[in-house]
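Single-structure report; data block below.
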Amino acid sequence: MRMTIVAVLAATTAIITPAFAQDASYSAADEINVMQGFKAGGGSDALAQLVQPFLAEELGVNFVNQYIPGATGAIAWTQLAKQTRPDGATVSITNTPMLTTNYIMNPSITYTVDEITPIANVVTDPGVAVVAKDSPFKTFEDFVKAAKDNPGTITVGNSGVGGDDFFTSLIFEKAAGVKLQKVPFEGDGPSWTAAMGGKIDASFTNVGVAYPQVKEGNLRALAVFTEKRLPELPDVPTARELGYELVAGSSRGYSGPGDFPEEARQQFIDGLRRVTENPKFQDAAKAQAMNIDFIAGDKYRDFLKKQEAEYTQLWNDIKDEIKAQ
Amino acid sequence: MPESFLWIGLANVVDPVNLLAIFAGALIGMFVGAMPGLSATMAIALLLPLTYSMRPETGLSMLASLYLAAMYGGSVAAILLRTPGTPAAAATVLDGYPMAQKGQAGKALGLSLTASLIGGIISSIVLLTVAPLLGRIVLNFGPVEIFAVAVLGITIIGSLSQGSAILGLLSGAIGLLIATVGMDPTTGTPRFTFGVLDLFGGVNFTVALIGLFSIPQAIRLIVQGNSNENERVSSIRDRMLPTGSEFLKMLPNSVRSGFIGVFVGLIPGTGGDTASWFAYNEAKRFSRHKAEFGTGYPAGIVAPEAANNAVVGGALIPTISLGIPGSSSTAVLLGGLMVHGILPGPSLMTEYGDVTYTLLWAVMFANIALFIVGLLFTRACITVTKIPNRVVGPIIVVLSVIGSFAINNSVFDVGLMIAFGMIGFVFDQARIPTPPLVIGLILGPILDTTLQQSMLIGRNNWMVFLQNPISATLLAIALLSILQATPLFGAIARRFRNPPGADTISSAESDIAGNRD
């Protein structure tokens, strides 16, 4: 009797193992928990749903999404930094700039980038300045001039205090030496909608969300905040070519808890790299207006640390003014 | 061009696979809606990955049907258990539960189902005909206008303060105060969070709602025991659907509430939870039997139920005509479009017109599917009233714990739910009405955010609200609404005879008297 069981076991293992050995390039776990600091159906989830089916195949693992929304992601990231065991079985989707601005702006949020292990950034949605189609601002220069002539009166929407567009506005104010009237909304949608309806003068938002309206002519893009012009918006200048040092956007990638096993990290990175090079994945990303921006390993850490330093400085410069409002 | 899409959409939707998807969506939606804490948004988000493998129109038809059915499903628990299954069904509790207690649970559910059908059909017709025109209206609603809508909403507190206006205002004020917990929308400063991260995002409205309604009800059922069994039993064979004359009587109310629902759904940031209260309030305002509201009066069920189903169509208008999500559920639906390579935006009506019009027809057919599924499912639900109180009570508590946990996967929220349950219990004992608190919780965050945004836009000049024609009109209506709830108009007439000023606020209960329970 016992012999049969062993035999059956041996037989099944024999069948299963080769299939596994071929795929299993992730040695730390068979199942990876992905903590998301936002609700199902949001931007983080969109990334998870896009990447994980491909990555599961590359790594030979199952992904289990765990939604822990609250405090713009801070609940999930605090858990990642303080409570998650670094065994390779749990990672989290990390969004910038919220990952760093959360604790820069709020002393009660105590995790830092140093307590997590950045794995890789996957996508970046670049920033863009948009106005209504009938706006008097035809070019970015018109907008800057108006902001210079009327300090503190040109209303510019952003997706919320602490979000990427808010900090983009701060960087722009510094770079151009102007003062804007920044109006925070709850997310990108309400911000560009208000610009489209002429409720505010302009909106700093992201290409991925505003592109359909720009394409249709309901919104006019004045400038994109990227290194080079974007292929989908070839006529829109970058802020850099107009002389403003402004490259910004919102990025999403994966990070693990502090002291994440080095081997697992490397395997995860290799898997992600193969995914981002897969033409099928690239097509799927393009269909969802996701701009692949693969930054792996220590480069991702440097990217986060640089952003942390920059945003800490910016916030310290203006926090008293904001709180006084 | 749009005409041809209209027929392509219709042809697509009657495909057996799509019809099956619509029925499946209605079934799931009804179940999800009936469970406190499980919301349509959550179900759509969870089912979304399953629809990836389907054709876009099939997947979307199922999700749209689910969204619609959840709106009705919420009323099942509201009527039978005094526990709203979804926030949009909170207003249905006021008259639905008393009616069930009179042994007319079947009739109450039938009214809710019929009203849902009427509301849903109205909104589908609007969607199929004038959606692109109405879509432009959305752009006229910026922070200033939405603030005025919220102010108008706050005046509903006046008519919900059964018994005492002072206690009603107290309750509403507490709701508004609780709504300020969390990060300030314009400065990011945490308010009343005591350093607790879980409170940074504010008090979750659905969590609060589950606690406020269900825990006091569970306690009541357990304390009561089975003493009043005779009173509570409703016959399953009870006639559910209204008779022809009843139907004609409820028609004006449903149509009015349906249009309120479409309009409120259209405005970004407001949804079924707000619309149902607006509709309830208007039904009461237009009724000659104001005192009967809250005692199991049919119009009090018809109004919120017609409105919350009509919201589905209203919320889809900006979504399909402009690509602006009108509610959190439609935001997730938009995500579903993107997966199929359809970028939400103005091209939905042109380039992807076939898929879009299929979705719109699916909403129409979903109403009928909902009606059929509802008739079958609801009969079975009425048996709940046959279960002894001491069994139902603990089950409500268990459902509430699961529901409040499921929203954010947070144990903290379970504690919060219980805390709100205690508040609800104390309110009940002190005869303080709970609905104004709910209104405060719903509208508080909207008021807070839009007020601050308006002040930024208007450079700290309060005149910004009066210089804008839409908001000035809405605020004027709000003022009239407040005055109407007070005996001021009567007092002015009296003042000619009797000069010294009458206190207008403290005697406001005169025309809104009505007994609780």
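Per chain, numbering begins at 1; letters A, B, ... match sequence-line order.
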Q | Contact leader toward chain B among Gly208(A), Ala74(A), Pro212(A), Pro53(A), where contacts are heavy-atom pairs under 4.5 Å | A | Pro212(A)

Q. If you look at every heavy atom in Leu197(B) and Ile75(A), which pair is closest and at what distance?
A. O-CD1, 3.9 Å

**Q.** Any Glu145(B) side-chain heavy atom under 4.5 Å of Lys199(A) side chain
**A.** yes

Q | Under 3.5 Å donor-acceptor, Gln453(B) side chain and Pro184(A) backbone | A | yes

Q) Of the backbone (N, CA, C, O) and the side chain (C-beta and beyond), which part of Ser410(B) lies under 4.5 Å from a heavy atom of chain A, both, or neither? A) neither

Q. So which part of Lys215(A) gets closer than 4.5 Å to some heavy atom of chain B, the side chain, the backbone, both or neither?
A. side chain

**Q.** Greater than 12 external heavy atoms within 6.0 Å of Lys286(A)'s NZ
**A.** no

Q: State, with a plain yes or no, whether a side-chain heavy atom of Ser108(A) is found less than 4.5 Å away from one of Phe200(B).
A: yes

Q | chain B contact via Thr155(A) - side chain, backbone, both or neither, heavy atoms under 4.5 Å | A | side chain

Q | Heavy-atom check, side chain of Met183(B) versus side chain of Thr72(A), under 4.5 Å | A | yes

(Q) Is the shortest side-chain heavy-atom distance between Thr189(B) and Met105(A) below 4.5 Å? (A) no

Q) Can you tell me if CD on Glu186(A) sees more than 12 non-hydrogen neighbours from other groups inside 6.0 Å? A) no

Q) Is there a side-chain contact between Phe185(A) and Pro185(B) (heavy atoms, below 4.5 Å)? A) no

Q) Is any side-chain heavy atom of Arg459(B) less than 4.5 Å from a side-chain heavy atom of Thr153(A)? A) yes

Q) Can you list the residues that meet the side-chain hydrogen bond (donor to acceptor under 3.5 Å, both in side chains) rule with Tyr103(A), with sequence neighbours excluded? A) Glu308(A)

Q: Please answer whether the main-chain N or O of Ile68(A) pairs with a side-chain N or O of Asn409(B) as donor and acceptor at a distance below 3.5 Å.
A: no

